[in-house]
Every structure is written in C-alpha cells, then in structure tokens.
J.: 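Supplied in structure tokens, the structure appears directly below.
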There are 2 protein chains.
Amino acid sequence: MNRPDKFKLDDSATNPADTDRAQVQKTQITFDAPAEREKQPDRISIREVAREAGVSVATVSMVMNNNPRISRATHLRVRKMIERLGYQPNRMAQSLSGRYTQSLAVMLPPLRHAFADAYFGEILSGIADRAGKLGHKLLLEQAKPQFIREGKHLELFERRFVDGVLCLGFNEKHHFLQDFCAKEFPAVIVDNRLSHTPCDFVVCDYRLGAQQAMNCLLQLGHRNIGLIYAAPESCTAREVADVYLTRLQEADSPTDATRRHDGCFTDEGGAAAAEQILAAHPDTTALFCGNDKMALGALRYLTSAGKRVPQDVSVIGCDDIQHLAYVSPSLTTIHLPLYELGVLACDKLIERIRGKSEHIAETLPTHLVLRESTGIVPTRSAESP
Amino acid sequence: MNRPDKFKLDDSATNPADTDRAQVQKTQITFDAPAEREKQPDRISIREVAREAGVSVATVSMVMNNNPRISRATHLRVRKMIERLGYQPNRMAQSLSGRYTQSLAVMLPPLRHAFADAYFGEILSGIADRAGKLGHKLLLEQAKPQFIREGKHLELFERRFVDGVLCLGFNEKHHFLQDFCAKEFPAVIVDNRLSHTPCDFVVCDYRLGAQQAMNCLLQLGHRNIGLIYAAPESCTAREVADVYLTRLQEADSPTDATRRHDGCFTDEGGAAAAEQILAAHPDTTALFCGNDKMALGALRYLTSAGKRVPQDVSVIGCDDIQHLAYVSPSLTTIHLPLYELGVLACDKLIERIRGKSEHIAETLPTHLVLRESTGIVPTRSAESP
DNA sequence: TTAACATAGTTAAACAGTTTAACAAATCGT
DNA sequence: ACGATTTGTTAAACTGTTTAACTATGTTAA
C-alpha cells in the first residue's frame with residue numbers, strides 16, 4: 001500500500017485542523033494512485049527456507065538458534081540452505097516474538113553541542129564498542145524538554161523501542177530519571193548518582209580524583225587554591241567541593257566562598273570564573289577545575305591577563321580530554337576512565353535486562369596525569385612584582 | 001522464557017567449539033531454571049482497547065491512523081478509551097506489519113574520536129532534530145573494518161533494522177558505500193560525493209567555499225599561499241585544491257607542489273603540515289586549511305615558531321567550529337552549514353524512503369567568517385628581519 | 001512384552017499490530 | 001418500493017519468528 005503521510009498524520013494528530021486536511025489528502029491519494037503492492041521477491045523468510053529444506057519453520061528457527069534438539073544431519077542440511085538462500089531473520093519479527101529488542105538507548109542532555117562533546121564522546125565510544133560486541137543496537141536520543149514533557153522517554157520502553165537506557169550527563173535536577181526507577185525500567189545513570197532515589201549508576205571516583213588533585217597542588221606548596229566547579233546540585237560536584245574544602249581546612253588554608261565559582265562546564269564559563277576568582281583573590285596561586293574545558297578557559301584567561309602558567313598560577317583540570325595534552329602549556333589533569341565507564345555501564349545494563357536484580361552501583365578509580373600546567377608555588381618575593 | 005545466552009550463541013556461532021560449549025550450557029540452564037513466564041498485566045494491546053470500546057481491532061487501528069472511514073462518533077469514543085487505558089502501539093508489531101521501521105542509521109567512520117568530533121557533532125545535531133520531528137529513531141553505527149567485512153552494513157536493511165542510512169565522513173575510498181547503491185537501499189552520503197557511482201548525496205559547496213577563502217587572501221594582498229588539505233582522494237578535497245590552484249595561476253602566483261601538504265584533518269597533522277610548508281617556503285604569508293582543526297594546529301605551530309598571526313602569516317580555516325571563535329587569535333574561516341546539511345540529508349533520505357525516485361544531489365552554500373587570524377600581507381621591508 | 005524414556009521433529013498458538021474483502025445499514029434516485 | 005450508492009464496521013488474512021505441546025520412532029529396563 002502506498003501510505004505516504006501516515007506517520008506524518010500521527011505526528012500532527014493533536015491539531016484537529018491539520019488532521020482534517022491530512023485526511024482529505026490521504027483520501028485523494030488513495031484515489032489517484034491505486035494500490036500497487038510491490039512484492040519484494042528477493043526478501044526471503046524462514047518459510048522459504050523451511051520449504052526448500054523440506055522441514056518445518058520451527059526446525060529452521062531451532063537451527064538458527066543452535067538448539068540441540070536438532071540432529072547434526074538436519075542441522076547441516078538446513079544451514080546449507082540458509083547459506084544458499086542468504087536467509088537472515090527479520091529483527092522486527094524476532095523482537096515481537098521474543099522478549100527483547102536487543103537495543104539500548106543513549107540519552108544525552110539537551111545541550112546545543114552534546115553530540116560534539118569530548119566527554120560524552122569518550123563514554124559513547126565505550127558504550128558503542130561494547131554494545132556492538134554484545135549484539136545490541138544503539139538508539140540515540142536527546143532529552144529535550146518537549147521530549148520529556150511528552151513522555152517520550154517512557155515510550156522508549158512502553159512501545160518496545162529498547163530494552164534499556166543509558167543516561168549521560170544528568171543529575172538530581174533531571175527528575176525524569178526517577179520515572180525509569182519508578183516503573184522499574186532498566187536504566188543506568190552514567191557518571192553520576194542520585195542521592196534520594198535508588199537508581200542504578202556507574203560513576204568515576206570523584207572523591208578520589210579530588211584527593212589526587214588536591215594532593216598534587218598541596219605538595220607543590222600551594223595554599224591559596226581556587227575551585228572552578230559546575231552543576232553544584234550533582235552528587236559528584238558536591239563530593240569534589242567537599243574534598244576540596246576538607247583538604248584546605250586540614251592545611252589551614254583559606255576557604256572563602258569567593259574562592260570558588262561556577263564555570264558551567266564550558267570554556268567561556270571557565271575563563272569568566274577564573275577572572276572572578278583572581279579579581280577577588282589576587283593571591284591565588286592555583287586553580288582546580290571540575291573539567292578540562294573549564295581548565296582550558298581558565299588557561300586562556302590567565303594568559304590574556306598576563307599571568308604565566310605554571311610560574312604564576314598552576315591549573316589542574318579533570319577528564320583528560322585527548323587533545324588537551326597538546327595545548328601549550330599542556331594540561332595537568334585527573335584522568336577519568338570514561339571509555340571504561342561506558343563499557344561497564346553497558347555490561348551492567350545488559351545484565352540487569354537479562355534479569356539480574358542487584359542494585360547497580362559501580363565506581364571506577366581515577367589517576368593524576370602530571371603535565372606542564374602545574375608547578376611549584378611561586379616564592380613570596382616573586383609574588384609582588 | 002528464560003534464554004539468557006541465546007544472542008551470545010548467535011555471535012559466536014562461527015566457532016564450532018564455542019557453539020558446542022554453549023549448547024551444553026543452554027541445556028543445563030533449561031533444566032536448572034525452569035521457564036517462569038511472568039505475565040506483564042500492565043502492557044495493554046490493541047485488542048484490550050477494542051474489547052473495552054466495544055469495537056473490532058480494525059476499528060481501533062483505523063482510529064489510531066486517523067483513517068477517515070471511521071465516523072466522528074466512533075473515533076471519539078475509541079480515542080477516549082485509548083486515552084483511558086494509556087494504550088500505545090507496540091512499535092515492533094507496527095514495523096513487522098507495516099512497510100517501514102521508522103528508523104534511520106547514522107554511520108560514522110572508524111576513527112577513535114568520531115563521537116567527540118565537532119564536525120560530525122554539528123551534522124548529527126541537524127539529523128537528530130529533524131529525524132525526531134519526523135518521528136524517526138536514530139541508530140548509531142561505526143563503520144569499523146570488521147563491521148563492513150561481516151556485511152553488517154547491509155544487514156541493517158536486510159534484517160529490517162532501518163529504512164535508510166546517512167553516511168558521514170566517507171569518500172571514494174570507502175567501497176562499501178557502493179553496496180547500498182547496488183542493492184538500491186536508501187542511503188545518503190553527507191558532505192561528500194562519489195565520482196563514479198550514482199550514490200545520493202548532499203554536500204557543502206566546497207568550490208564556493210574555496211573561492212571565498214582565496215578571494216579573501218588574495219584581496220588582502222597574499223600571493224605566497226600554502227594549502228593544508230586532507231583526504232585528497234575525496235571529491236570535495238579535489239575541488240578545493242582545484243580552486244586553490246586556479247586562483248593562484250590567475251594571480252600569477254607560485255603553485256609549487258611543496259606549498260601544499262596533507263594535514264589528515266587533525267590538529268597535530270595541521271601543525272606538522274604548517275611546519276613543512278614554512279620550512280620549504282619561508283616566504284609563505286598565508287595558509288588555507290581544509291578544516292578548522294588543522295587551522296588550529298597551524299596556528300599553534302606558527303605561534304611556537306615565533307611567527308605572529310596575522311602580522312606575519314594569515315591563517316584561514318574551514319568548518320566554523322563553534323569554540324574556535326574564542327581562541328586567540330580568533331580564527332577566520334569558511335562557514336559550512338553543517339546543521340542545515342544534516343537536516344537536509346534527513347529530509348531527502350526520508351523522501352527517498354517514501355518512494356521518491358529522483359537522484360539526490362543537493363549543494364548548500366558556504367560563507368566567509370572574517371575574524372582575527374587573517375590580515376593584510378606584510379610589506380616586503382618587514383619580510384626579512 | 002510392555003511400560004518408560006529419550007530423541008528428533010512437527011503443529012499450532014502465541015507475539016501485536018495492519019490491511020482488505022465483505023457485509024450490513026443508511027441514504028439516495030427514480 | 002426497489003435497486004444503487006455511500007458509509008461504517010468487522011472478520012480474516014497477512015507480517016516473520018519463537019516456543020509449548022504434541023507425535024512418531026527407536027531404546028532400555030523390568
């Protein structure tokens with residue numbers, strides 16, 4: 001059948017006027033272009049194979065699935081025919097019949113450049129590799145406000161698009177995450193954790209990462225350390241801030257609130273935050289940044305403000321984005337195992353889908369990558385030019 | 001049914017030993033954990049709706065699809081029941097029964113950081129927005145060698161995973177593109193064109209872009225212009241090189257082969273290429289780079305080599321990657337309408353899927369974005385310090 | 001010898017929709 | 001008042017695969 005705008009109808013169905021117009025169109029088309037069902041003779045189904053091999057469709061199905069109920073002889077005979085006809089099972093039919101769709105959704109936040117982000121990209125690489133290896137397809141979704149408002153994130157399960165979803169770049173503020181939890185749909189939050197909901201998650205050890213960063217700076221003699229954070233509502237950001245404050249207190253160092261600033265995870269935000277912190281506290285000798293992009297921004301601001309890195313101010317980032325190893329000065333940073341996190345998230349999600357019921361809560365360790373943007377604290381004499 | 005490693009079997013079926021071991025496992029599991037089919041009472045189907053509304057399933061289906069054969073009264077009554085029961089059609093059943101899956105695949109090249117690339121990200125944004133609006137889901141695939149070797153790109157169609165595929169970042173060298181063409185599977189090559197195969201494509205007007213870049217440089221007085229290109233086998237790269245050479249010849253300017261160099265689309269490649277060109281031709285006053293990443297690399301090399309940009313050497317890029325507006329000096333570049341290209345590719349692909357048969361060959365115009373990395377050619381006196 | 005048991009395969013009923021031929025009822029023209 | 005047309009609805013036949021239940025055939029064990 002020729003039904004050219006059927007799915008368009010579905011989309012605009014909320015608007016009655018639209019619907020009516022479309023209905024008229026459809027009627028006309030039905031009259032103008034009479035049904036011309038083109039049989040695709042090339043697409044062969046399990047029935048063809050069964051007929052040609054002289055067995056029942058059930059037997060062919062069992063051969064496809066290596067069911068031991070089928071004798072070696074029959075198995076081979078049917079396999080040969082499958083080969084010859086080039087038969088490949090229709091995945092839609094398999095999914096309809098079976099319990100699983102063998103696909104997962106990846107949800108990204110509604111940022112303008114979510115698909116071009118090195119952080120997401122690295123996690124996604126891990127997910128894609130693993131999912132591919134385990135025979136799962138990947139659906140890409142962006143959690144735009146309208147998408148959530150219309151409940152499309154739940155539709156993903158309710159209409160059986162996917163078996164599970166991986167959520168990247170979300171935090172407590174994103175209430176839709178709880179919907180998955182409430183309906184017991186398999187979902188894993190990647191690189192964050194929700195404090196009041198028992199959602200499944202895999203996360204980098206941000207507490208450890210912050211310790212490593214602070215260790216590094218304190219050992220180099222820094223005491224006046226600024227913090228450029230982002231998404232303060234998220235658990236991981238709170239942990240970083242917590243470690244930052246604790247370590248400063250232990251070192252009898254200043255912890256004024258004006259020494260920390262939100263950098264919104266962006267380059268420009270990082271630059272602006274650095275400016276604010278340096279303006280309020282010219283004695284700052286080191287900046288600890290919540291991600292590499294903000295660190296890059298800070299670096300840019302410092303350079304443009306005539307401060308030398310690391311001679312005047314040290315900068316340490318977090319993420320270990322590939323190409324920041326090559327900027328000048330190259331960035332000291334906390335390496336997050338993002339690829340591995342993606343792999344792990346995928347593994348755990350699939351386990352959960354297959355029926356494992358334990359709560360997923362995995363943490364992966366970070367490590368320090370020492371490069372050029374950090375150095376020993378400037379001596380007091382050199383401090384006032 | 002509990003069939004935990006069924007799909008694992010599928011994967012490893014090529015290895016007989018593996019298969020045997022798995023068969024044993026499967027048998028054991030079947031015995032150990034007897035079938036425990038949990039009925040999901042919440043999931044309601046079209047049949048429930050029909051029963052509750054006192055009509056046939058056909059009527060409900062027709063209501064869902066706004067078929068005008070159904071009277072206003074029945075339509076409303078059934079809609080109400082659909083609403084009340086929260087019925088949502090199972091997409092797998094729809095796809096099996098209908099002609100379309102309402103999903104598209106996006107194929108990316110097998111680069112390590114394909115998912116984190118600003119160029120792909122921008123196109124992908126356009127695709128995702130458009131596909132979402134038209135009710136299509138997006139499958140993400142990476143064209144790894146093994147993937148192609150196993151024919152998984154054709155499986156995408158043959159097993160009815162998707163209705164069409166969008167190919168990003170490929171060129172003539174990627175022979176699998178022709179497979180789509182040969183089998184008449186709907187596929188659109190995005191931002192490139194194949195010279196000897198009538199594959200569908202949408203592309204930026206690289207010839208125009210190159211004209212704009214060369215105009216800019218020539219008007220600023222530059223005559224000794226280097227070219228950093230990439231993927232010389234691709235049509236678009238050849239067009240750029242062609243325009244570059246033609247314009248230089250018209251201006252009686254040097255066109256030595258050593259004034260152009262492959263930068264592999266990467267930051268580091270761009271830096272290395274710049275170094276090569278400057279070494280061979282210290283008189284070079286401008287570099288035209290095939291993309292922004294290579295331009296950034298060139299910028300970095302020039303700065304590190306003590307050349308000032310744009311006072312000593314001008315640099316012009318191509319792509320107009322967002323955050324390069326903020327580097328210092330900010331990058332003059334050719335803006336490619338990548339988002340719009342994604343939208344267009346999606347539109348055209350869906351038209352093709354719905355039966356339109358004209359060859360797809362669309363070109364979108366580019367424009368110059370003048371920023372700080374280009375300037376007037378240095379005077380001869382200043383040329384030799 | 002017969003009941004009990006594997007083995008290897010078949011049948012038919014799911015899965016959840018869409019499509020269409022057929023039919024009944026209402027409207028219309030003569 | 002009767003046949004023709006229009007309108008609304010339905011039953012049945014698809015889509016392609018899986019699987020529970022069943023059958024036929026040969027082996028053993030009592």
Side-chain angles (χ1 to χ4, degrees), chain A residues 1-3 6-7 10 27 30 34-35 37 39-40 43-51 53-78 82 87-102 158-160, chain B residues 1-3 6-7 9-10 26-27 30-31 34-37 39-40 43-51 53-78 82 87-102 158-160:
Chain A
M1 301 298 79
N2 198 340
R3 38 175 172 165
K6 179 192 153 188
F7 283 92
D10 267 343
T27 315
T30 307
R37 176 185 280 279
K39 275 282 161 224
Q40 285 128 311
R43 194 108 75 201
I44 58 113
S45 83
I46 199 171
R47 252 167 273 269
E48 267 82 64
V49 180
R51 181 156 36 72
V55 295
S56 73
V57 295
T59 304
V60 179
S61 174
M62 286 165 140
V63 168
M64 283 302 289
N65 295 302
N66 294 311
N67 189 316
R69 292 271 301 271
I70 303 300
S71 70
R72 196 133 199 87
T74 310
H75 186 104
L76 255 49
R77 185 156 48 88
V78 173
I82 287 168
Y87 164 68
Q88 297 198 271
N90 179 321
R91 180 53 84 85
M92 294 301 139
Q94 287 186 315
S95 297
L96 177 57
S97 177
R99 248 207 318 186
Y100 306 119
T101 65
Q102 300 286 309
E158 289 162 348
R159 303 191 54 189
R160 293 188 46 93
Chain B
M1 306 300 82
N2 199 340
R3 38 176 170 164
K6 179 195 153 187
F7 284 92
L9 283 174
D10 268 341
K26 177 156 189 171
T27 315
T30 306
F31 273 77
E36 19 117 345
R37 176 186 278 278
K39 273 285 160 219
Q40 286 127 313
R43 193 109 76 202
I44 59 112
S45 83
I46 197 171
R47 257 162 266 270
E48 267 81 64
V49 180
R51 181 157 35 72
V55 295
S56 74
V57 295
T59 304
V60 180
S61 173
M62 286 165 141
V63 167
M64 284 300 289
N65 295 301
N66 294 310
N67 189 315
R69 291 276 300 270
I70 302 298
S71 69
R72 195 134 200 85
T74 309
H75 186 104
L76 255 49
R77 185 156 47 89
V78 174
I82 286 168
Y87 166 67
Q88 298 197 271
N90 178 321
R91 182 52 84 87
M92 292 303 139
Q94 287 186 314
S95 297
L96 175 59
S97 175
R99 224 159 38 139
Y100 305 118
T101 64
Q102 300 287 308
E158 289 163 348
R159 302 192 55 189
R160 293 188 45 93

J.: Does B/L96 or B/R77 map to a spot on DNA chain D nearer the 5' end, using the closest nucleotide for each?
T.: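 Here B/R77 is the residue nearer the 5' end.
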J.: Given A/E48 and A/R51, is the side chain to side chain contact (heavy atoms under 4.5 Å, CB included) satisfied, shown in steps?
T.: CA-CA 5 Å; A/E48 267 82 64; A/R51 181 156 36 72; 3.5 Å; yes
J.: Round to the nearest Å and state the distance from B/I82 atom CD1 to C/dG17 atom P.
T.: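 Going from B/I82 (CD1) to C/dG17 (P), I get 11 Å.
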J.: Nearest heavy atom decides the nucleotide; on that basis, is A/A93 or A/S71 closer to the 5' end of DNA chain C?
T.: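 The answer here is A/S71.
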J.: Select base, sugar-phosphate, or nothing to describe what B/Q88 touches, counting heavy atoms under 4.0 Å on all strands.
T.: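 The answer is sugar-phosphate, as B/Q88 gets under 4.0 Å only of primed atoms, P, OP1 or OP2.
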J.: In whole angstrom, give the distance that lies between atom CG of B/N66 and atom P of C/dT18.
T.: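 About 12 Å, once rounded to whole Å.
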J.: I'd like to check the side chain to side chain contact (heavy atoms under 4.5 Å, CB included) partners of B/V57; sequence neighbours left out, ordered by chain and number.
T.: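 Side chain to side chain contact (heavy atoms under 4.5 Å, CB included) list for B/V57, sorted by chain: B/I46, B/R47, B/A50.
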J.: Should B/S97 be listed as having a side-chain N or O under 4.0 Å from OP1 or OP2 of C/dA16?
T.: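 So the side chain of B/S97 is outside the cut-off, no N or O lying under 4.0 Å from OP1 or OP2 of C/dA16.
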J.: Is there a donor and acceptor pair closer than 3.5 Å between the side chain of A/R160 and the base of C/dA16?
T.: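 By the distance-only test, no, there is no pair.
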J.: What is the distance, to the nearest angstrom, from the CZ atom on A/R43 to the P atom on D/dT17?
T.: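 Whole-Å distance recorded here is 11 Å.
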J.: May I have the distance from A/R159 (atom CZ) to C/dA16 (atom P), rounded to whole angstrom?
T.: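 Between P of C/dA16 and CZ of A/R159: 14 Å.
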J.: State, to 0.1 Å, how close B/P89 and B/M64 come at their nearest heavy-atom pair, and which atoms those are.
T.: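 Minimum heavy-atom separation between B/P89 and B/M64: CD-CE, 3.5 Å.
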J.: Listed by chain and number, what are the side chain to side chain contact (heavy atoms under 4.5 Å, CB included) partners of A/T101, not counting sequence neighbours?
T.: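 So A/T101 forms a side chain to side chain contact (heavy atoms under 4.5 Å, CB included) with A/S95, A/S103, A/R160, A/D163, B/M92.
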J.: Looking only at heavy atoms, which two atoms of B/N67 and B/R69 are closest? And how far apart?
T.: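 Nearest pair, atom of B/N67 first, then B/R69: OD1-N, 2.9 Å.
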J.: Send over the distance from B/Y87 OH to C/dA16 P, rounded to a whole Å.
T.: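 Spelled out: OH on B/Y87 to P on C/dA16 is 10 Å.
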J.: Taking atom types as they are modelled, is there a donor-acceptor pair under 3.5 Å from the base of D/dG16 to the side chain of A/S45?
T.: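 Not at all, since no donor on one side and acceptor on the other fall under 3.5 Å apart.
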J.: Rounded to whole Å, please give me the gap between CZ in A/R47 and C1' in D/dT17.
T.: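 So the two atoms are 8 Å apart, to the nearest Å.
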J.: At 4.0 Å (heavy atoms only), tell me whether B/T74 reaches a base, stays on the sugar-phosphate, or touches nothing.
T.: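 Here B/T74 touches the backbone only, sparing every base.
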J.: Answer yes or no: side-chain N or O of B/R91 and base N or O of C/dG17 forming a donor-acceptor pair under 3.5 Å.
T.: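 Such a pair does not exist between side chain and base.
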J.: Give every pair of a protein N or O atom and an N or O atom of nucleotides 10-12 of chain C that lie under 3.5 Å apart, one pair per line with the distance.
T.:
unit_1: C/dT10; atom_1: OP2; unit_2: A/S56; atom_2: N; d: 3.2
unit_1: C/dT10; atom_1: OP2; unit_2: A/S56; atom_2: OG; d: 3.1
unit_1: C/dT10; atom_1: OP2; unit_2: A/T59; atom_2: OG1; d: 2.2

J.: Using whole Å, what does the distance between atom C1' of nucleotide C/dA14 and atom CE of B/M92 come to?
T.: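 Rounding to the nearest Å, CE of B/M92 and C1' of C/dA14 are 18 Å apart.
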J.: Listed by chain and number, what are the side chain to side chain contact (heavy atoms under 4.5 Å, CB included) partners of A/E158, not counting sequence neighbours?
T.: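 Per chain and number, A/E158 pairs via side chain to side chain contact (heavy atoms under 4.5 Å, CB included) with A/L154, A/K183, A/F185, B/Q88.
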J.: Residues two or more places apart in sequence or in another chain: which of them pass side chain to side chain contact (heavy atoms under 4.5 Å, CB included) with B/A93?
T.: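 With neighbours one apart ignored, the set is A/L96, B/N90.
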J.: As a test of reading the structure: which of D/dG8, D/dT17, C/dG17 is closest to the side chain of B/I46, going by heavy atoms?
T.: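 Out of D/dG8, D/dT17, C/dG17, the nucleotide with an atom closest to B/I46's side chain is C/dG17.
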J.: If you compare every side-chain N and O of B/N90 against the phosphate oxygens of C/dC15 (OP1, OP2), does one of them come in below 4.0 Å?
T.: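 Negative; the distance criterion is not met.
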J.: What integer distance in Å separates B/N67:CG from D/dT10:P?
T.: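 Between P of D/dT10 and CG of B/N67: 14 Å.
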J.: Ignoring backbone atoms, establish whether A/Q94 has a side-chain N or O less than 4.0 Å from OP1 or OP2 of D/dT18.
T.: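 Result: yes.
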J.: Using side chain to side chain donor-acceptor pair (under 3.5 Å) as the criterion, list what pairs up with A/S61, not counting sequence neighbours.
T.: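 In terms of side chain to side chain donor-acceptor pair (under 3.5 Å), with neighbours along the sequence ignored, A/S61 is linked to no residue.
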